[in-house]
Amino acid sequence: MGTATAAPHVMVLPFPAQGHVTPLMELSHRLVERGFEVTFVNTELIHTQVLEALRPANGGAGGNELELEGIHLVSIPDGMSDGEDRRDLGKFLDGLMRHVPGYVEQLMRETEASGRAKVKWLVGDLTMAMCFEAASRLGVRVAGFGPASAACFATTIKIPQLIEDGFIDEKGAAIVATGGE
């Protein structure tokens, strides 16, 4: 199939945590059902966990890349060294922010250079928004995906108002009212 008639190519990028990977994988399946080519990008650790979970379904097949019902699974480094504690959220987020945008940009370039259709869209977890600029530089359109509940999202967007109204401070701590009103 030539590039002119190729299915639109979407790269999907979840934050590396189960509550983020699962909903974006579900979205990826729906995109494939509607004729899209999907490249699903995980960090190496999460990618390995996904492959391990899929091995029984694949009769032991594996490797570092896998096609799952039309979804091409690939991995990128998370920016942390072997042995670093990924449970240290500050270090983990720092590694992601400093390194992942470059890896995503490189993956987009390599995908096109390999003869596959150019990535037209990046559907990224809102927590991975640090990659949106890299995608835009390559002419890739960006769609943010928020896997949290609507109630959580609504609360998050109201934080500036809660600060302004004096319910919480700039660090998110509740402001206890004193006095007798």
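Counting begins at 1 with the first residue of the sequence.
In this structure, Gly144 and Phe132 approach most closely via the heavy-atom pair CA-CZ, 4.1 Å. The two residues Val119 and Trp121 come nearest to each other via the heavy atoms CG1-O, 3.2 Å. Across every non-hydrogen atom of Phe40 and Pro14, the tightest pair is CZ-CG, 3.7 Å. Residue Ile157 comes nearest to Ala154 through the heavy atom pair CG1-O, 3.3 Å, listed as atom of the first residue, atom of the second, then distance. For the pair His9 and Ala117, the tightest heavy-atom approach, listed with the atom from each and the gap, is ND1-O, 2.7 Å. The heavy-atom pair separating Val100 from Cys131 by the smallest distance is CG1-SG, 3.6 Å.
Atom CE of residue Met25 and atom CG of residue Leu73 lie 5.0 Å apart, to the nearest 0.5 angstrom. Of the inter-residue distances, the one linking His99 atom NE2 with Asp94 atom CG reads 7.5 Å to the nearest 0.5 angstrom. Atom NZ of Lys120 sits about 12.5 Å away from atom CE of Met108, to the nearest 0.5 Å. We find the CD-NE2 distance between Glu37 and His72 to be 8.5 Å, quoted to the nearest 0.5 Å. The distance from the CD atom of Glu110 to the CD atom of Glu105 is 11.0 Å, given to the nearest 0.5 Å.
Residues Val32 and Glu69 are not in side-chain contact: their nearest non-hydrogen atoms beyond the backbone lie 4.5 Å or more apart. Side-chain contact check for Lys118 versus Val140: some heavy-atom pair is nearer than 4.5 Å. By the 4.5 Å heavy-atom criterion applied to side chains, Met128 and Val104 are not counted as neighbours. Between Leu24 and Pro147 there is no side-chain heavy-atom pair separated by less than 4.5 Å. With contacts defined as side-chain heavy-atom distances shorter than 4.5 Å, the pair Phe36/Ser28 does not qualify. Between Phe145 and Val12 there is no side-chain heavy-atom pair separated by less than 4.5 Å. The side-chain heavy atoms of Glu112 and Leu138, taken from C-beta on, include no pair separated by under 4.5 Å.
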- Task: Test side chain to side chain contact (heavy atoms under 4.5 Å, CB included) on Ile76 and Gln106 and set out the steps.
- Result: CA-CA 10 Å; Ile76 57 173; Gln106 178 183 349; over 6 Å; no

- Item | Full working for side chain to side chain contact (heavy atoms under 4.5 Å, CB included) between Asp125 and Leu13 | CA-CA 6 Å; Asp125 191 308; Leu13 179 67; over 6 Å; no

- Check step by step if side chain to side chain contact (heavy atoms under 4.5 Å, CB included) holds for Leu96 and Thr43. CA-CA 9 Å; Leu96 287 177; Thr43 59; 4.2 Å; yes

- Could you check Ile46 against Val21 for side chain to side chain contact (heavy atoms under 4.5 Å, CB included), going step by step and ending with a plain yes or no? CA-CA 9 Å; Ile46 300 298; Val21 173; 3.8 Å; yes

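Applying the 6.0 Å contact sphere to CZ of Arg141 captures no more than 12 heavy atoms from other residues, nucleotides or ligands. With a 6.0 Å radius and a threshold of 12 heavy atoms from other residues, nucleotides or ligands, Glu133 has its CD atom at or below the threshold.
The side-chain hydrogen bond (donor to acceptor under 3.5 Å, both in side chains) check on Gln49 picks up nothing, with sequence neighbours excluded. Not counting sequence neighbours, Asp169 has no partner by the side-chain hydrogen bond (donor to acceptor under 3.5 Å, both in side chains) test. Under the side-chain hydrogen bond (donor to acceptor under 3.5 Å, both in side chains) criterion, Arg30 pairs with Glu26, Glu33, not counting sequence neighbours.
Clustering ILVMFWY residues whenever any of their side-chain heavy atoms sit less than 4.5 angstrom apart, transitively, puts Leu93 in the very cluster that holds Tyr103. Residue Phe153 is not grouped with residue Ile168 when hydrophobic side chains (ILVMFWY) are merged at heavy-atom distances under 4.5 angstrom, including chains of intermediate members. Cluster annotation: Val50 and Leu45 are assigned to distinct hydrophobic clusters (Ile/Leu/Val/Met/Phe/Trp/Tyr, side-chain heavy-atom contacts under 4.5 Å, transitive). Taking hydrophobic clusters as Ile, Leu, Val, Met, Phe, Trp and Tyr residues chained together by side-chain heavy-atom distances below 4.5 Å, Ile175 does not share a cluster with Ile159.
A donor-acceptor contact shorter than 3.5 Å is absent between the side chain of Thr22 and the backbone of Gly19.
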